[in-house]
Amino acid sequence: MTDNKKNPYLAHIRPSKEPLHGFIPRRVTASQVRKALEHEVNPFTQEPHTPQYRDILEARKKLPVFLHMDEFFKVFNENQIIIIEGEPGSGKTTQIPQFVVYSDLPHNKGKIIACTQPRRITTVSAAKRVSEEMDVELGREVGYSIRFDDMTEPGTTFLKYMTDGKLLREAMNDPKLSCYSTIILDEAHQRTLATDILMSILKGLAKRRPDLKIIVMSATLDALKFQKYFSAPLIKIHGCAHPVEVFYTQEPEPDYVEAAIRTVLMIHRAEEPGDILLFLTGEQEIEDACRQIQLEAALDPNFFGPLTCIPLYSSLPSQQQKRVFDPPLPPKTPNGPPGRKVIVSTNIAETSLTIDGIVYVVDPGFEKQNVYHPRIRVNSLLVTPISKVSAKQRAGRAGRTRPGKCFRLYTEEDFISELEEESVPEMLRCSLAGTVLGLFKIGVKDLVRFDWVDSPAPEALLRALELLNHLGAIDTDGNLTALGSIMAEFPLDPQLSKVLVVSPEFRCSDEILTIAAMLSVPNVWLRPNNHRKKADAARAFYTNVDGDHMALLNVYNNYIQNQLDVSWAESHYLSAEVLAEAHNIREELMWMMERFEIELMSIADEKKRCLAIRQALCCGFFMQVAYKGDEMGNYITVKDNQVVQLHPCCGLRTQPQWVIFNDFILTTRPYIRTVTEVRAEWLLEYAPVYYDLTTFQDGKMKKALRKAAKKYIGRPNDADTEEHR
DNA sequence: GAGCACTGC
């Protein structure tokens, strides 16, 4: 029978021609989908299902989402935007996009369903899993797209998992996102910059694209906020995590590290087998705590089981990060107490990394948060109390494999009254220059009336506009310039983007390309606790009188000369992983430069080359300049008049009069990092508006600038001289 | 002479 060879359950459904309520409803019902799922032929490939498909399907049917299939189709069919609140373990990430696939099947031929994730790893693993569930080859019908790795096939892929940042990039080139029929934003509660902007864009786009469906998926708590923001119906799905018993301390703990160590040892001595996860705030704290726990546990290994303490933070090489998945040690004697694993981790274990087997969570209630102060344009990393959402997320880590316990090292009263409901969204904590430039590129002009999920402070917006205007990315009327339009294309901070775009004028675009890539990755310099002196010596080899930017360039070039060799990198106390990433980014940027016809150039003469690089950097970083204020090492930042010092890791041997810096951080005192010497004449020449002397306070700095201006007028600078030769 | 929580394009 031919009927048996085709999966007919969805074939008869036709899209409705008449838009209803202003959008196009879909008509697939849950019972049709159930029948289609049970059919022996795969409706997407018209091939018979594999036996594996059936096994997985049985497991899928047990997921909580499956019980909500009728409700899902009912609500989804009748609404353009819906919100789904799903607890961890509900199966929403893998199942909801598949439901939509069935709903889309008869519609929107050639269009794609997108499902965004905040992180690359989860994007890939979700796509992999779903391709198995749907019995298709990964990269064909179901694919994924993340930076540096696109596993999709145009014309074939109809379900695409992608990072939120990737979709936001696509929106810049196609503001109507016209290739998508449905967009699913997953993990919206994490409030990443990209997800927040996408929510605003999609809310506006829904009115202009009646055929577009939008699903916002979130864990508990924030879903209500999204429901209000979109005025959309909400579907609640319960998870299937195990219960976690929460304990509080009777009194506040004065020293949370000490209390945490004490609690871990107490669990080890008194509680049933099961691994422990302790949350601390940073690398140093974690390494110290690990040493102390290991030391104290070694005192009685025969009475209690052997204990392995494993540190976990992002700058740890991935090989060492994988240690958290090793099984705990076996008992010392055949009938002795079993071994136990203690993982001491930063926030990385809260959302990014999931470790099975954790039964106990110790939560002191603190994290490090990056805080941006728009008024003085400074970042600082502060140890702050976590939010209730974070505390719940941390506790949930104990219930993944069986019922668990969470020990909070604060009182229940403090939990209720002192902790904020949710963490401050990234949007409100960082510089908005890049975001605003992206919005201009999409065509958003009125930032005040823009429909933000949470409106940023007017001051933060003003700072962003001011920076973009000084860089020449927007004109004084607030329109995007041609320069700004190209700058927005590059995945770089606007300052760096500007430097890269103008670098051919200084004939050093090859070197600036490398520097831009190196500034886009985390710190490359390793400094292991027991090899500090050696590491410092290795680093000193690269320090350069001309500044830290040149040092980064030299490190990269040496890495290439050594054929990207991992052991070379490690023996020079450099992170091979970070260098490899810089290499990837450099390739991507180079390809983009080619596309925009930005020529790759270099100057043969070393001295002139170095001069040109420093001048080019001035074109983007003229707002991040400090002037030497005295002989004590104090610098004053231009216009903001903040007293800062060169960070001790800076390679400069002398203290030049004028420096540009890449970042300004507040730790024990205000520091500037990644610093390069510049000349006042360059600032006056490349940023005449910003360095209009009438806008400067009287003082030493203004005097020095005035002196430089006199010298500079009528005398061509070095770059010009060179050009004229 | 101090320290980089965590993502993403």
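Below, chain A is the first sequence line, B the second, and so on; all start at residue 1. Keep in mind that this is a model prediction, so the values were computed, not measured.
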Phosphate OP1/OP2 of B:dC6: any A:S314 side-chain N/O under 4.0 Å: yes
Sugar-phosphate, base or nothing in reach of A:E350, heavy atoms under 4.0 Å: nothing
Sugar-phosphate, base or nothing in reach of A:P522, heavy atoms under 4.0 Å: nothing
Parallel, tilted or perpendicular: ring planes of A:Y559 versus A:H583, cut at 30 and 60 degrees: perpendicular
Sub-4.5 Å side-chain heavy-atom contact between A:V555 and A:L579: yes
Short side-chain N/O contact from A:R120 to OP1 or OP2 of B:dC9, under 4.0 Å: yes
A:F366 CZ to B:dA5 C1', straight-line distance once rounded to whole Å: 15 Å
Nearest-angstrom distance from the residue atom CG of A:L198 to P of B:dT7: 20 Å
Listed nucleotide nearest any side-chain atom of A:N370, set B:dC9, B:dA2, B:dA5: B:dA5
B:dC4 OP1/OP2 closer than 4.0 Å to side-chain N/O of A:R673: yes
Side chain of A:I348 - closest among B:dA5, B:dT7, B:dG1: B:dT7
Sugar-phosphate only, base, or nothing, as touched by A:R119 at under 4.0 Å among non-hydrogen atoms: sugar-phosphate
Position toward the 5' end of DNA chain B (nearest nucleotide), A:T346 or A:E588: A:T346
Check: A:K225 and A:D454 side chains under 4.5 Å, non-hydrogen atoms: yes
Touch class at under 4.0 angstrom, heavy-atom based, for A:T163 against every strand present: sugar-phosphate
Sugar-phosphate, base or nothing in reach of A:L381, heavy atoms under 4.0 Å: base
Touch class at under 4.0 angstrom, heavy-atom based, for A:S520 against every strand present: nothing
Touch class at under 4.0 angstrom, heavy-atom based, for A:L168 against every strand present: nothing
Side chain of A:N523 - closest among B:dC4, B:dA2, B:dC9: B:dC4
Distance in angstrom units between A:E367 CD and B:dC4 C1', rounded: 15 Å
Working for side chain to side chain donor-acceptor pair (under 3.5 Å), residues A:Y256 and A:E285: CA-CA 11 Å; A:Y256 70 85; A:E285 210 175 77; 2.7 Å; yes
Rounded distance (Å) that lies between atom C1' of B:dG8 and atom CE of A:M427: 14 Å
Length of the line joining A:Q117:CD and B:dC9:C1', which is rounded to integer Å: 16 Å
N/O donor-acceptor pair, side chain A:R527 with base B:dA2, under 3.5 angstrom: yes
A:R119 bridged to A:E187 by N-O distance under 4.0 Å: no
Atom-to-atom span, OH of A:Y671 to P of B:dA2 - whole angstrom: 5 Å
N/O donor-acceptor pair, side chain A:N347 with base B:dC6, under 3.5 angstrom: no
Of the listed nucleotides B:dC6, B:dC9, B:dG1, the one nearest the side chain of A:I146: B:dC9
Touch class at under 4.0 angstrom, heavy-atom based, for A:F490 against every strand present: nothing
Whole-Å gap separating C1' (B:dG1) and CD (A:Q645): 10 Å
Options B:dA2, B:dC4, B:dT7, nucleotide nearest the side-chain atoms of A:T668: B:dA2
Counterpart residues, side chain to side chain contact (heavy atoms under 4.5 Å, CB included), relative to A:E570 (two or more places apart): A:V566
